[in-house]
Amino acid sequence: MKEKNQNFFFELNLEGDHCIKHVFWADARSRATFDYFGDVVSFDTTYNTNRYNLVLGSFVGVNHHGQSTLLGCALMKNEDIQSFKWLFECWLRCMGGKAPKGILTDQCTSIKRAIELCMPTTIHRWCIWHIMKKIPSKLNSYKGHIDIEQEMSRVVWNSYTKDEFDKNWNDFLTKYGLGGNKWLSELYEDRHIWISVYLDHHFWAGKKSTQRSESMHSFFNKFITQNSSLRQFVKQYDNYLTSGEQAEREFDAVDFHTVIPYATKLAIEAQFQHVYTHEKFREVQGQFRGKVNCITRSMHSVHTLGRTVRPGMIGGKATDLFRSDYPTSS
């Protein structure tokens, strides 16, 4: 691959018997894509290649059409801190030393520590979906565990300020006598890396989970079996990139030759239509449609430079139409 294209990047970490311990690679397309769409990356290691007992780690971003884009792959024998540290250092070298602004991963202490060591300025976010999936197995020993699970979900999803979350969480623990639960205590200590209200002021490209990485893994599952060779695996990796590249070109063509009608008569909507791709513009239109059904009222006025500025409030909450990762108003 390197002989075909000098911008192909790879590093090998071999054991004494010359067997692979770790390997990382990214081709020229992935490296170029990172320059444009490397603000937010998800990293996931849930896919196992089985035959070699190596775990696949993938770096996945989001392009301007909201499509998943592969930013590098690794095969790993171990999932300890040093292994992830080796991988993240390789990935940073591959990407010219530029770390993403945000990274999403599964709840893993080894990954968390490696990110702290290698990317100290990157905001780390745990996949909230994976944490919520653990609730039944972690709490099913308690009497009335179904009510407990439902109440915890309400606290996690329906707390809109940090203070409100803290109060709701403590009330939840007190109500069900869960103050001594170690798993819940540890989750609360780490609330700043998985609870939305602590993270949503950062840009996340609409992502709250690592499910984009998992969708890439499902692609490999269609073409890779337990008997597939490493050569076949790398070939399918190249096929995945080619299919993604083709899909992006097709979306670019549709955007260039077609126009999505306005949903409202607001002048600001025309600005979004002009600069956004169709996929992103549809998200903004959802915000505009929701706004039409809300009652807007002035809450207070601020005098500045002879002008009066009246920040509006919708439904009792501040609304930011420029953030496509906010939920649509209802």
Side-chain angles (χ1 to χ4, degrees), residues 24 26 30-46 57-74 81 84-85 87-133 156-157 159-162 165 187 189-217 244 276-277 279-280 283-284 287 320-327:
F24 168 78
S30 294
R31 301 178 77 183
T33 298
F34 180 79
D35 284 339
Y36 289 100
F37 308 116
D39 296 68
V40 179
V41 174
S42 64
F43 174 75
D44 184 63
T45 58
T46 58
S58 60
F59 296 89
V60 177
V62 183
N63 70 10
H64 53 313
H65 298 295
Q67 299 167 321
S68 296
T69 179
L70 193 55
L71 302 174
C73 275
I81 294 174
F84 287 120
K85 184 173 180 289
L87 173 58
F88 293 150
E89 287 173 347
C90 283
W91 187 66
L92 288 172
R93 283 194 294 273
C94 173
M95 301 305 175
K98 179 184 174 183
K101 295 177 182 177
I103 186 168
L104 291 98
T105 74
D106 288 347
Q107 184 186 12
C108 174
T109 303
S110 296
I111 293 177
K112 180 175 180 285
R113 182 59 182 145
I115 290 174
E116 290 170 351
L117 293 171
C118 300
M119 295 179 272
T121 61
T122 298
I123 307 299
H124 183 198
R125 182 173 195 157
W126 278 344
C127 173
I128 193 169
W129 182 71
H130 279 102
I131 292 176
M132 299 305 286
K133 271 181 63 178
V156 169
W157 296 113
S159 298
Y160 299 106
T161 68
K162 295 176 184 178
F165 171 77
L187 280 182
E189 288 297 315
D190 291 320
R191 61 193 181 280
H192 61 286
I193 60 175
W194 70 281
I195 292 296
S196 294
V197 73
Y198 287 86
L199 293 157
D200 280 350
H201 57 288
H202 299 289
F203 176 69
W204 292 103
K207 298 199 290 186
K208 283 181 168 56
S209 77
T210 58
Q211 285 175 294
R212 286 184 178 272
S213 298
E214 291 167 14
S215 67
M216 187 275 292
H217 294 165
Y276 273 16
T277 61
E279 198 66 26
K280 295 290 106 179
E283 292 180 14
V284 174
Q287 296 283 332
D320 185 347
L321 293 176
F322 298 90
R323 290 283 300 280
S324 62
D325 52 349
Y326 273 27

Cation-aromatic face contact Lys98/Phe34, 6.0 Å, 45 degrees: yes
- line: side-chain contact (heavy atoms from CB on, under 4.5 Å) test vs Leu71 passes for just one of Phe43, Phe59, Phe37, namely Phe59
message: Closer than 3.5 angstrom, by distance alone: can the side chain of Trp194 be matched with the main-chain N or O of Cys127 as a donor-acceptor pair?
response: no
query: Under 3.5 Å, is there a donor-acceptor pair between the side chain of Arg31 and the main chain of Cys94?
result: yes
query: How many angstroms lie between atom CD1 of Ile131 and atom CG of Asp106, to the nearest 0.5 angstrom?
result: 9.0 Å
task: Only counting residues at least two apart or in another chain, list the ones meeting side chain to side chain contact (heavy atoms under 4.5 Å, CB included) with Thr161.
output: Asp163, Glu164
query: In chain order, what residues pass the salt bridge (charged side-chain N to carboxylate O under 4.0 Å, His left out) check against Glu116, with sequence neighbours excluded?
result: Lys112, Arg113
Leu70 backbone acceptor or donor facing Ser30 side chain under 3.5 Å: yes
query: Roughly how far, to the nearest 0.5 Å, is CH2 of Trp204 from CD1 of Ile123?
result: 6.5 Å
- request: Drop me the distance from Thr122's OG1 to His202's NE2, to the nearest 0.5 angstrom.
  value: 11.5 Å
- prompt: Who pairs with His192 by side chain to side chain donor-acceptor pair (under 3.5 Å), at least two apart in sequence or on another chain?
  reply: none
- prompt: So does Arg125 pair up with Asp200, basic N to acidic O under 4.0 Å?
  reply: yes
message: Determine whether a donor-acceptor pair (N or O, by modelled atom type, separation under 3.5 Å) exists between the side chain of Trp91 and the backbone of Cys73.
response: no
message: Any side-chain to backbone donor/acceptor pair from Asn63 onto His65? Under 3.5 Å, distance only.
response: yes
query: What is the distance from atom OG1 of Thr105 to atom CG of Asp44, rounded to the nearest 0.5 Å?
result: 8.5 Å
